[in-house]
Amino acid sequence: MNDTLQKLARVRMAPSPTGFLHIGGARTALFNWLFAKQHNGTFILRIDDTDMARSTEESMREIYSGLKWLGLDWDEGGDKGGPYEPYVQSERISGGVYVPYVQQLLENGTAYHCYCTPEELAAIRAQARVEKRTRSYDGRCQHLTQKAKACFAAEGRKPTVRIKMPNTPIQVDDIILGIRNIDPGTLEDEVIVRSNGMPTYNLTSIIDDVEMQITHVIRGTEHLNTTPKQMAIANALGLKVPQFAHIPLVLDSSGRKMSKRHHGALVAVNRYREQGYLPEAMLNFVARLGWAYDDKQEIFSVEELIEKFDLGRVGKSGSVFDLKKLEWLNAHYITQLDVSARTDAVIPFWQAEGLVDTTALTAEHRAWLEKIVGAVGERLTTLQDIIPQTRYFFTDAFDYEAKAVKKWWGNSAEKQNKTVEILTSLSQILAGIPAFDLGTVESAIWKYTDENNIKRVAAMQALRIALTGTSFGPSLFDIVVLLGRDEVLKRITRAIVQLSGPAA
Ligand code: GLU
């Protein structure tokens, strides 16, 4: 690439709005976005909605919002406009953008009308299978006489338009995959306009790439087999094609392509957003799907990605989706947030559970929430984890975890009586201490255990279960202070009732 081209780089992501934003789509967006940032270029978001039956407004909105959430802003595009608008293909179709190109192809003899019916095409395909031909459509309509065409038209047949594939190899010079020579024998004459008059993806895609002055088409390897067809169309029109870069597939651990059909929501960017993954973690994760800087570095800030990402160093083979790695990255990025920012990030999750009402959030309540977040510390893998880890701060409607109860409250009458004794003493002590702060609480509890020869851990865990229902969580002293004296005493009483009752 020379310097002028670098400055003028224009790249695009061209999603079809037929579903959610896929992890692979997010990666395509990121690689394009990084390439544009690195080359002082322009990132375009074009909406490829030629499949009108499957395209929805909702999907389009979800793609916009997913990309915005990731911070992958575009310079020109569907909702933004720009010098080559419209950027939504259905609007371009209604504007007649593709008509003159089809006309030109028909006139210069590189495209022709095909009158074959679906039944005839099925029979041709079946025959091709028997003869083991890779190019199934045999191009028979290329040679129709005017009379034959008129007959078909009189029968009411509506023709498609097919582009003639060349007889010479097509060379694709791919930034990632290198030079590939495509045997023309493998390509059949592609339909570029359906019988209902609608242009197809291969035509609209390359025409738009050329019209929108796209310099580099960076897209998933699943589109690799369409590239020679699109090049053939451009060549037949005498248009200069962009450079191509095909990014390897995202695979699961057994080597299968990660797809909506087989992996469901696991490939949906929104799933991660809803579960409390941070956009920084997602970006870092998808950046590493197929690309590595060296064999050491895993953590990349967006700034570092802009500095270090290199499209030419994206691997040729598929990259494996590792959820554990994403979780690890997310936990890392959560700990990078200071307590105040982390509180901002978890509040929507508390709110969705009805545990916090942001419309009535006082400064005091906010400060209390921050202390809870501080107490939870580095235990969050996702923001959603804040719910199971802190629910008991907001409500005493929890069950005592059976395993924890058995272990720490005891499974014999004798041990349970001892637990009741400990909890009763702790209750009296906590009711009587002059101040309810960390230092006072801690020393009063230690004084009691040490003077009475009670194992610290036994007393702590008995109390923890009484207050939270579980044996895991933040520091017990934090919990005691954050719950406050009245709530602590109330919960100890409830535990004692539970222990003394028939069910205990
Ligand atoms: N519309 C295609 C898709 O959503 C992308 C095609 C392209 O990038 O050329 O998969």
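Throughout, numbering of the chain's residues begins at 1 and tracks the sequence. Order of listing sets the numbers, starting from 1, for every ligand and every atom in it. Keep in mind that this is a model prediction, so the values were computed, not measured.
- Of the charged side-chain nitrogens involved, none lies within less than 4.0 Å of a carboxylate oxygen, so that R12 and E76 do not count as a salt-bridged pair.
- The ring-ring contact (aromatic ring centres under 6.0 Å, His included) pairs that include a residue from residues 252-288 are Y272-Y277, F285-F321, where partners are two or more places apart or lie in different chains.
- The side-chain hydrogen bond (donor to acceptor under 3.5 Å, both in side chains) check on S55 picks up nothing, with sequence neighbours excluded.
- Residues lining ligand 1 at a heavy-atom distance below 4.0 Å are given as R12, A14, P15, S16, D48, Y201, S205, R219, H223, ordered by chain and residue number.
- The salt bridge (Lys or Arg N to Asp or Glu O under 4.0 Å) search around E353 returns R391, not counting sequence neighbours.
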Next item on the list: Quick one: do S340 and E370 satisfy side-chain contact (heavy atoms from CB on, under 4.5 Å)? Show the steps, please.
Entry: CA-CA 6 Å; S340 168; E370 281 198 16; 3.7 Å; yes
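- Ion pair K229/E190 flagged as a salt bridge, since at least one NZ, NE, NH1 or NH2 atom sits closer than 4.0 Å to an Asp/Glu carboxylate oxygen.
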